Structure formats: C-alpha cells, structure tokens
Amino acid sequence: MNATSAEKLADATGIDPGAIEHGATIKSVYVYEAPVRLWHWINALAITVLCVTGYFIGSPLPTQPGEASANYLMGYIRFAHFAAGYVLAVGLIGRAYWALVGNHHSRELFTLPLTQPAYWREVITMLKWYAFLIPQPSRYVGHNPMARLAMFFGYFLFSLFMILTGFAMYGEGLQAGSWADHLFGWVIPLLGQSQDVHTWHHFGMWGMVIFVTLHIYAAIREDIMGRQSIVSTMISGYRTFKK
C-alpha cells in the first residue's frame, strides 16, 4: 500500500499503523501493589469525611428547624467523624504492616534516607523543577524525593498526631477508665488541658486540608508536565514514562 492510499485509509477509518509504529514509546514499571492502592483510596475518603465533619463539629450549624429533640444532625456528623477516625487509624496500622511484607516501594512512606547525599541532590532537583527552573525532572519509579519528604512529615507524622489527639478527645467522651482513656489519656496533660487538644486538633484539620491540596496539585502537575504518570499509577499500579 502506497503512502497516499495509507493516508486515505487513515482519514476514512482512523486506522494508521504507520503512525503508531513511529509514535512515542511509553514504558511502564509495576510500582504499587493492590493493598497499597486500596489503602490510598479508602484513606482519601476517610480524610475527606474527617475534614468535612470536623469542620462542622468545630463550627456547628447555628440553628435547625423544629424542636431540638427532633433533630440528630450533629449526632450523625459526630458518628461519621468517629467512624472515619477508626478507618484512618486501622488503615495506618494495616499500611505499616504492608510496609513490612510488601515490595520496597511500600516502605517509602515510613522511611527517609536522610544521611545519603544523593537523596538531597534529588530533593534540590525537585525544588528546581517545582520552581520551573529546569525543563524536566529525573525519572523516579517510586515517590520522588521531595514527595517522599512531604509524605513522611506532611502525612505520616501528621496523621499520627491527629489520631493521638482525636482518640484522646474520644476517650473523654467514653469517660475515665475506658480503653481510649487508658491508651490516649496521656495526650491531654501533655498538651496542656482539654481545650488545648481541641484547638491543636482543629488546627491539624486545616493543616491536612493544605497538605491534600498541595498533594493533588503536585500529582496532576506531574501527570501533565513531567511525562510520567502519577494519578493513574495509584489506580493501575504501573508508573508509565513517556519519551
């Protein structure tokens, strides 16, 4: 088939094997195992529920129609908040377990190679990339070093703080002597008194909102500009690299 005939076939049917043959090559690497991907999306839902319900717990609706005894809206909001808190805590425990039994990429959330100069060189590279000072970043199969730093401090340690303060307040509601009071009651005197814990927990919610916003921005930005998949990788498990 000559070139003209091939072009007419492509115009008529959309079939153009020659273009595909000479098209850009895409390579893929399996990175995130199914338990990690499942945890990620369940965790994202839990954090969304926690932030929305936490906002209304901190700033309740000024009024509701009808008698107060006929409304249980804040009760449902508190229940959703507590349930999502359990999901967040149990999920983090499960995620820590998978870091022990999964592939080496599953451990990136909990470890940082802070003593390796090569790590910090790549952190600087990513800072330049985010500042639009270089045309392309390096090709990272797992988390890039800057994202790894952000995930450790901005998600892991931050979530741990929110779980500790959240269950400390939960223990107050369950009363002294409850399991939550036994396990997390020490958090309240450590931070001062009950209202201090409420305040820090509420500030923590806004910190989590900021982190999630930056996380989503960075992921979409990399998909568009970095020519390596981010969002779809947490769906399929495969990181793709485009030439």
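Computed from a prediction, not measured in an experiment: that's the story for all the values here. Only heavy atoms go into these numbers, but all of them, side chains included; no hydrogens, no water, no symmetry mates.
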Problem - Under 3.5 Å donor-acceptor, Tyr119 side chain and Pro145 backbone - result: yes
Fill in the blank from the handout: dist His143:NE2 -> Phe152:CZ (nearest 0.5 Å) comes out at 13.0 Å
Handout entry: hydrophobic_cluster_shared for Phe158 and Val87, side chain cutoff 4.5 Å
Key = no
Problem - Between OH on residue Tyr32 and CE on residue Met234, distance to nearest 0.5 Å - result: 5.0 Å
Exercise for the section: Output the distance between atom NE2 (His40) and atom CG (Leu45), rounded to the nearest 0.5 Å. Expected result: 12.0 Å
Exercise for the section: With the side chain counted from C-beta on, respond yes when Arg121 and Thr125 share a heavy-atom pair under 4.5 Å apart, and no when they do not. Expected result: no
Practice task
Test side-chain contact (heavy atoms from CB on, under 4.5 Å) on Trp39 and Leu109 and set out the steps.
Solution key: CA-CA 13 Å; Trp39 166 82; Leu109 178 63; 3.9 Å; yes
Handout entry: Nearest atoms (heavy-atom pairs only) where Met208 meets Ile47
Key = CG-CG2, 3.8 Å
Handout entry: Donor-acceptor under 3.5 Å (Arg239 side chain, Val141 main chain)
Key = yes
Exercise for the section: Examine the side chains of Ser138 and Glu122 and answer whether a donor and an acceptor come within less than 3.5 Å of each other. Expected result: yes
Problem - Interatomic spacing from OH in Tyr170 to OH in Tyr86 - rounded to 0.5 Å - result: 3.5 Å
Completion exercise
Taken to the nearest 0.5 Å, the spacing of Arg95 CZ from Leu100 CG works out to 10.5 Å
Exercise for the section: Report yes if the side chains of Trp200 and Phe161 come closer than 4.5 Å at any heavy-atom pair, otherwise no. Expected result: yes
Problem - Side chains of Phe203 and Thr199 in contact at under 4.5 Å (non-hydrogen atoms) - result: yes
Problem - From CA spacing to verdict: side-chain contact (heavy atoms from CB on, under 4.5 Å), Leu214, Phe211 - result: CA-CA 5 Å; Leu214 293 175; Phe211 169 78; 5.9 Å; no
Handout entry: Note, Leu92 side chain near Leu88 side chain (heavy atom, < 4.5 Å)
Key = no
Problem - Backbone of Val49 reached by a side-chain donor or acceptor of His81 within 3.5 Å - result: no
Problem - Exam field: side chain Asn43 to backbone Ala46, donor-acceptor pair closer than 3.5 Å - result: no
Practice task
Go through the side-chain N and O atoms of Ser232 and Ser236 and say whether any donor and acceptor fall under 3.5 Å apart.
Solution key: no
Practice task
Examine the side chains of Arg148 and Thr111 and answer whether a donor and an acceptor come within less than 3.5 Å of each other.
Solution key: yes
Practice task
Mind telling me whether Phe110 and Phe156 have parallel, tilted or perpendicular rings, with 30° and 60° as the class edges?
Solution key: perpendicular
Problem - Under 3.5 Å donor-acceptor, Glu33 side chain and Asn103 backbone - result: yes
Problem - Flag, side chain of Trp129 to backbone of Gln136, donor-acceptor distance under 3.5 Å - result: no
Problem - Test item: Met225 and Phe132 side chains (from C-beta on) under 4.5 Å apart, heavy atoms - result: yes
Problem - In one Ile/Leu/Val/Met/Phe/Trp/Tyr side-chain cluster, 4.5 Å: Tyr238, Ile230 - result: no
Exercise for the section: List the atom of Gly171, the atom of Ser178, and the distance in Å for their closest heavy-atom pair. Expected result: O-OG, 3.7 Å
Practice task
Could you tell me how the ring of Tyr76 sits relative to the ring of Tyr72: parallel (under 30°), tilted (30 to 60°) or perpendicular (over 60°)?
Solution key: perpendicular
Exercise for the section: Answer with yes or no whether the hydrophobic clustering places Met151 together with Ile42; edges join I, L, V, M, F, W, Y residues whose side-chain heavy atoms lie under 4.5 Å apart. Expected result: no
Practice task
Find out if a path of hydrophobic residues (ILVMFWY) with successive side-chain heavy-atom gaps under 4.5 Å connects Met146 to Phe153.
Solution key: yes
Handout entry: Contact check, side chains of Lys27 and Thr240, non-hydrogen atoms, under 4.5 Å
Key = no
Handout entry: Nearest atoms (heavy-atom pairs only) where Leu50 meets Ala84
Key = CG-CB, 3.6 Å
Problem - Greater than 12 external heavy atoms within 6.0 Å of Arg37's CZ - result: yes
Practice task
Determine, using the 4.5 Å side-chain heavy-atom cutoff (strictly less than), whether Ile93 and Met162 are members of one ILVMFWY cluster.
Solution key: no
Practice task
Can you establish whether the number of heavy atoms outside Phe82 located under 6.0 Å from its atom CZ is more than 12?
Solution key: yes
Problem - Arg107 versus Gly102, closest heavy-atom pair with distance - result: NH1-O, 3.3 Å
Problem - Pairwise distance CD1(Ile220) to CD(Glu222) - rounded to 0.5 angstrom - result: 11.5 Å
Exercise for the section: Would you indicate whether the side-chain heavy atoms of Met205 and His202 approach each other to under 4.5 Å? Expected result: yes
Handout entry: Whether Phe167 and Trp179 hold their rings parallel, tilted or perpendicular, with breakpoints at 30° and 60°
Key = tilted
Problem - Nearest non-hydrogen partners of Met74 and Ile57, listed with the distance - result: CE-CA, 4.1 Å
Handout entry: Residue Tyr55 excluded, over 12 heavy atoms near OH under 6.0 Å
Key = no
Practice task
Inspect the surroundings of OH in Tyr97 and state if more than 12 heavy atoms from other residues, nucleotides or ligands are less than 6.0 Å away.
Solution key: no
Exercise for the section: Walk me through it: do Tyr130 and Arg221 pass the test side-chain contact (heavy atoms from CB on, under 4.5 Å)? Expected result: CA-CA 9 Å; Tyr130 287 134; Arg221 182 184 188 273; 3.5 Å; yes
Exercise for the section: Evaluate the side-chain proximity of Leu174 to Asp181: yes if any heavy-atom separation is below 4.5 Å, no if none is. Expected result: no
Completion exercise
Smallest heavy-atom separation, Cys51 atom then Val209 atom, equals SG-CG2, 3.9 Å
